[in-house]
Participant: 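The structure's right below; bear with me while I get my questions together.
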Amino acid sequence: MTSLPIYATTGQKIWHYTFRVIVGLILFFLIAPIIIIIPLSFNAESFFTFTPEMLALDPAGYSLRHYRDFFTNPDWIRPLQNSLIIAPFATVLSVSLGTLAAIGLSQSHVPYRRAIMAILISPMIVPLIISATGMFFFYSQMGLWMEDTLGFSRSFTGYVKVILAHAALGIPFVIITVTATLVGFDHSLTRAAANMGATPTQTFFKVQMPLILPGVVSGGLFAFITSFDEVVVVLFVGAAAQKTLPWQMFTGLREQISPTILAAATVLVAISIVLLATVEMLRRRSERLRGLSPN
Amino acid sequence: MAEQMMAADGRTLKSSLNRALRRQKLRALLLITPLLLFILITFVVPIGQMLFRSVENQIVGDTIPRTVEALADWDAATDPVPDEDVFRAFAADMMVAVEERVHTRLGSRLNYETAGISSQFRRSGRDVEDMGEDLTAQFTALDPAWADPATWVALMADPDWIADSATAQTEPAFVVADAARDALPRTADIYADFARVTQVANNDSPTEEQPWNVVYIALYQDLIANPAPQIAGAPDGLLGAAGAAAAGFVAPDIRAAFVDSDAGWGSTVTWQTIQTYSPAYTSSYFLNSIDLKQTPDGIEMAPENQQIYVKLFIRTLIMSLTIMVSCILLGYPVAWMLANLPSRQANLMLILVLLPFWTSLLVRTSAWKVLLQQQGVINDLLVWVGLVADESRLTMINNSTGTIIAMTHILLPFMILPLYSVMKTIPPSYLRAAKSLGATNWTAFWRVYFPQSVPGIGAGSILVFILSIGYYITPEIVGGTSGIFISNRIAYHISSSLNWGLAAALGTILLAVVLALYWAYDRIVGIDNVKLGG
């Protein structure tokens, strides 16, 4: 497959190129829908298709009006702010709890390891709609309790509810990536550190943490994207004051679709490209550090 | 005797090692516990509670306890409509429920089983207050003291409560005297409810409110059963006179009053429904979720026009299978190519697969919504090429086609990545060996390469299937009515129809399917081997 030998028959040649065309078409199917919304978001009209001016590459056919709307309209600004409040807190929560648990799970003698693992992974397995309904009942009771007994404001409680719910959803990703990194971790290093007089805390921060950091960071990115992209749970658990960006997009798509959604989508694509690049870089770095990959 | 090995601290080596092992286990558990508790409390328990709602049915027994008790001996075969006692109990229950504003909730609950009951509850909820007012008038005509709240408090209240409420700043919760309970059991029972509702729901005091008509009905019943009740400390002669006169009163006809308020109360079906659904636990939600119905005569099929859930489950399965097969067909060539390209090019190509994987689900769904519309890019292109006439643009959205296209796109990376990781481990020399032994290209692929890639197909398929069977967002946006999944129905019952029990039952079935598949996935691939993004 890699390259066509000179002795290939005509049939083989035809197949070789047809196959590449097929794969090319499938990749086109994967990428095109994402790419095509980028030029569409610069449309000067409120249409969801290319206008004749756009096809003629006439500058008058393009404008930034949808971006202006996205960055000035409170209908979009508030959700963006909410997403940027909720996702980081949820990430910090799932990364800190998740990393500790992953380190615990990677020890050699953990009783009931499989059962514990199954419970910790469950938020990823259970269909979101079921998690959302379960959390809906639980968090509405908890919200009432927090408001009545602890006396917190309604908006604060709202954020706490969504952050806790999102943290639970992000935890499986942290567990999986961090345990994967810990598989390659040489435990004699911690023993060596202890041997040289380091306390367990010192060993953790100076020896173990730097080595598993790539796994922790990419787990964190997964947790972040999970929360940042999540809509089902926030629809059920959150109130209108906690409306996030995906929620706003979801309502937009379901009710009346405004072209600003394409500008929002383009911004999100840019964010995902940055995240993807970061994760790839970290993955390669950690493979290099562990000597798994020669380059 | 062989000398035991000793550790430096003088213990035997064995116990010393055991101690170290125990400590290690403890430390591991200590690290895991916070997260485990967090997940158990905020995730596992709430889902368990939600699933419990699928069998829970306490609302009937809690809202109309007296009616449920009175109905226990009723037999529809001998007596098409229950007797006056049941209606009197029902009037008392309704009065309490109306004052606490829960009767409509019970109406909606029973309406899931028999259509129309909800409006009966709403209508009679407005009328129940006036039922039995003639009887109340007869009591007050006998002695005006019966209209005085103070008379009732003197009869019913516990002496300690009277003493407490005289000194306390805010009135303590009402307590019925034991003597009243012994002498006038029904009256004491409903009066206790009256006092509670007056205090809690209406923020008032029983010392200032005349009791409901249903309290007088209960008193009438008690006096008929026992014309000379004795309550120490009751106002002189009051009870005795009433007891003597009660037999001569015109008996209230509550049954007629209810039937007058809504003819539905005269129908056997209504009472059969209440009787059938009075137990605290029910299988009816599960029966409903597979288009069955619990009737007094046993389990039957639901009416033809209400049979939607079995169809919906089948549709969800078929569409998930279609999506899975499309993912295999599209994913296999890409994974093959990825596995056989030199690593630099493969990495570049992998990015094309990973970018959609990392892109927001909403972005991809909106892209498809925009592309597939009748005035969208794809239709424009087809019209421009001339494949489709402008009048007959294709409908590719708001139906199952839209759902399948969009979800195949969204789930394709989940197929490609596990396939790729399996194919990477198949040495290319096997294919060359097969060919050098005389196999054609096809035989070499089918007999040598393909069987080795089956674990990858299995892993990818289960993953895609698990994810697609529980999907909600994409079908909701591009699925219209014919392209929706069971999840959309669950969401509908949670947020619109408020039939939470049915939503929980549907959810339980869905969860059971997913967990079974997950178990299979764990057996085939192992949960520890889940890879994210390469």
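What you see below is based on every heavy atom in this structure, not just the backbone, and it leaves out hydrogens, waters and symmetry mates. In what follows, every chain begins at residue 1, and chains take the letters A, B, ... in the order their sequences are listed.
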Participant: I want to check something: taking the side chain as every heavy atom from C-beta on, are B:F43 and A:I119 in contact at a cut-off of under 4.5 Å?
Facilitator: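 No. Closest side-chain heavy atoms not under 4.5 Å.
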
Participant: Report the C-alpha distance between B:K369 and A:I261 in whole Å, list the side-chain angles of each, state the deciding distance to 0.1 Å, and finish with yes or no for side chain to side chain contact (heavy atoms under 4.5 Å, CB included).
Facilitator: CA-CA 11 Å; B:K369 177 125 184 168; A:I261 218 166; over 6 Å; no

Participant: Where on A:L262 is there a heavy atom nearer than 4.5 Å to chain B: the side chain, the backbone, both, or neither?
Facilitator: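 Side chain only.
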
Participant: Checking B:L355 against A:I31 for the side chain to side chain contact (heavy atoms under 4.5 Å, CB included) test, could you report, in this order, the C-alpha distance in whole Å, the side-chain angles of both residues, the deciding distance, and whether it holds?
Facilitator: CA-CA 8 Å; B:L355 180 62; A:I31 288 293; 4.2 Å; yes

Participant: Taking the side chain as every heavy atom from C-beta outward, state whether A:L268 and B:T359 have any pair of such atoms under 4.5 Å apart.
Facilitator: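 A:L268 vs B:T359: side chains apart.
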
Participant: With chain A as the partner, which of B:G507, B:A367, B:P356, B:S495 has the greatest number of non-hydrogen pairs under 4.5 Å?
Facilitator: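 Top count of heavy-atom pairs under 4.5 Å with chain A: B:P356.
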
Participant: Does any backbone or side-chain atom of A:Y112 lie under 4.5 Å from a heavy atom of chain B? Answer side chain, backbone, both or neither.
Facilitator: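 Neither part; nothing is under 4.5 Å.
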
Participant: Using heavy-atom distances under 4.5 Å, tell me whether A:F137 contacts chain B through its side chain, its backbone, both, or neither.
Facilitator: side chain

Participant: For B:L467, which atoms come within 4.5 Å of any heavy atom of chain A: side chain, backbone, both, or neither?
Facilitator: neither

Participant: What part of A:I37 is in contact with chain B, defined as an atom under 4.5 angstrom from a non-hydrogen atom: side chain, backbone, both or neither?
Facilitator: side chain

Participant: Against chain B, label A:I225 side chain, backbone, both or neither, depending on which of its atoms sit under 4.5 Å from a heavy atom there.
Facilitator: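 Side chain only.
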
Participant: Is chain A contacted by the side chain of B:Q345, its backbone, both, or neither, given a heavy-atom distance below 4.5 Å?
Facilitator: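 Neither part; nothing is under 4.5 Å.
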
Participant: Can you tell me how far CD1 of A:I26 sits from CD1 of B:I416, rounded to the nearest 0.5 angstrom?
Facilitator: 7.5 Å

Participant: Check the angle between the aromatic planes of A:F19 and B:W336 and answer parallel, tilted or perpendicular using the 30° and 60° thresholds.
Facilitator: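 A:F19 and B:W336: perpendicular rings.
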
Participant: Closest approach of A:V110 and B:A28, non-hydrogen atoms and distance?
Facilitator: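 Looking at all heavy atoms of both residues, the shortest contact is CG2-CB, 4.0 Å.
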
Participant: Between CG of A:L97 and CG of B:L36, what distance do you get to the nearest 0.5 Å?
Facilitator: 11.0 Å

Participant: Just to verify, which of B:I47, B:I41, B:V45 counts as forming a side-chain contact (heavy atoms from CB on, under 4.5 Å) with A:F138?
Facilitator: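 Exactly one pass, corresponding to B:I41.
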
Participant: Looking only at heavy atoms, which two atoms of A:T133 and B:I494 are closest? And how far apart?
Facilitator: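 That closest heavy-atom pairing would be CG2-CG1, 3.1 Å.
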
Participant: If I compare all heavy atoms of B:L29 with all of A:P111, which pair ends up nearest, and what's the gap?
Facilitator: CD1-CG, 4.0 Å

Participant: Go through A:I130, A:L105, A:L100 and name the one with the most non-hydrogen pairs under 4.5 angstrom from chain B.
Facilitator: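 Of A:I130, A:L105, A:L100, A:I130 has the most heavy-atom pairs under 4.5 Å with chain B.
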
Participant: Rounded to the nearest 0.5 Å, how far apart are OG of A:S94 and CD1 of B:I39?
Facilitator: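 Here the rounded value is 9.0 Å.
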
Participant: Counting heavy-atom pairs closer than 4.5 Å to chain B, which one of A:A264, A:G252, A:A265, A:P33 comes out on top?
Facilitator: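 Looking at each of A:A264, A:G252, A:A265, A:P33 in turn, A:P33 comes out on top.
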
Participant: What residue in B:I473, B:V478, B:L371 has the most heavy-atom pairs under 4.5 Å with chain A?
Facilitator: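 It is B:I473.
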
Participant: Side chain, backbone, both or neither: which part of A:L30 has an atom under 4.5 Å from a heavy atom of chain B?
Facilitator: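 Contact with chain B involves both backbone and side-chain atoms of A:L30.
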
Participant: Step through the shown structure and confirm whether more than 12 heavy atoms of other residues, nucleotides or ligands are within 6.0 Å of CZ on A:F28.
Facilitator: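 Counting other residues, nucleotides and ligands, CZ of A:F28 stays at 12 neighbours or fewer.
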
Participant: Which bit of A:I175 is near chain B, if near means a heavy-atom gap under 4.5 Å: side chain, backbone, both or neither?
Facilitator: side chain

Participant: Between CD of A:Q248 and CG of B:L362, what distance do you get to the nearest 0.5 Å?
Facilitator: 10.5 Å

Participant: Step by step, work out the side chain to side chain contact (heavy atoms under 4.5 Å, CB included) result for B:E476 and A:F250.
Facilitator: CA-CA 9 Å; B:E476 182 75 20; A:F250 179 68; 3.7 Å; yes

Participant: Give the C-alpha distance, both sets of side-chain angles, the deciding distance and a yes or no for side chain to side chain contact (heavy atoms under 4.5 Å, CB included) between B:M349 and A:V23.
Facilitator: CA-CA 11 Å; B:M349 202 170 133; A:V23 172; 3.8 Å; yes

Participant: About how many Å separate CG of B:N441 and CH2 of A:W15, when rounded to the nearest 0.5 Å?
Facilitator: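 Going from the CH2 atom of A:W15 to the CG atom of B:N441 covers 9.5 Å.
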
Participant: Side chains of A:L27 and B:M337: does their closest heavy-atom pair fall under 4.5 Å?
Facilitator: no

Participant: Could you have a look at A:P200, A:G134, A:A168, A:A167 and say which one has the most heavy-atom pairs with chain B under 4.5 angstrom?
Facilitator: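 If we count pairs closer than 4.5 Å to chain B, A:G134 comes out on top.
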
Participant: Taking the side chain as everything from C-beta on, heavy atoms only, tell me whether A:L235 gets closer than 4.5 Å to B:Y472.
Facilitator: yes

Participant: Within residues 484-491 of chain B, which residues come under 4.5 Å of chain A, heavy atom to heavy atom?
Facilitator: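 Listed by number, the contacting residues are B:S487, B:I490, B:A491.
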
Participant: Given the options A:V231, A:L275, A:L253, which has more heavy-atom pairs under 4.5 Å with chain B than any of the others?
Facilitator: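 Looking at each of A:V231, A:L275, A:L253 in turn, A:L253 comes out on top.
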
Participant: Counting C-beta onward and ignoring hydrogens, is there a side-chain heavy-atom pair between B:I351 and A:L276 closer than 4.5 Å?
Facilitator: yes

Participant: Return the minimal non-hydrogen interatomic distance between A:S122 and B:V44, and the atom names on each side.
Facilitator: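 That closest heavy-atom pairing would be OG-CG2, 4.4 Å.
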
Participant: Tell me, for A:Q12 versus chain B, whether the close heavy atoms (under 4.5 Å) come from the side chain, the backbone, both or neither.
Facilitator: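 Just the side chain, heavy atoms under 4.5 Å.
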
Participant: Measure B:L412 against the heavy atoms of chain A and call it side chain, backbone, both or neither at under 4.5 Å.
Facilitator: side chain

Participant: Please rank A:T99, A:V232, A:V269 by heavy-atom pairs under 4.5 Å with chain B and give me the top one.
Facilitator: A:V232

Participant: How far apart are the closest heavy atoms of A:P127 and B:G470, and which atoms are they?
Facilitator: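 Reported closest heavy-atom pair: CB-CA, 3.9 Å.
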
Participant: ring-ring contact (aromatic ring centres under 6.0 Å, His included) with B:W358: which of A:F224, A:F228, A:F222?
Facilitator: A:F222

Participant: Find the distance between CD (A:Q107) and CD1 (B:I32) and round it off to the nearest 0.5 Å.
Facilitator: 8.0 Å

Participant: Minimum heavy-atom separation for A:I125 to B:I466, with atom names?
Facilitator: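 Minimum heavy-atom contact is O-CG2, 4.3 Å.
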
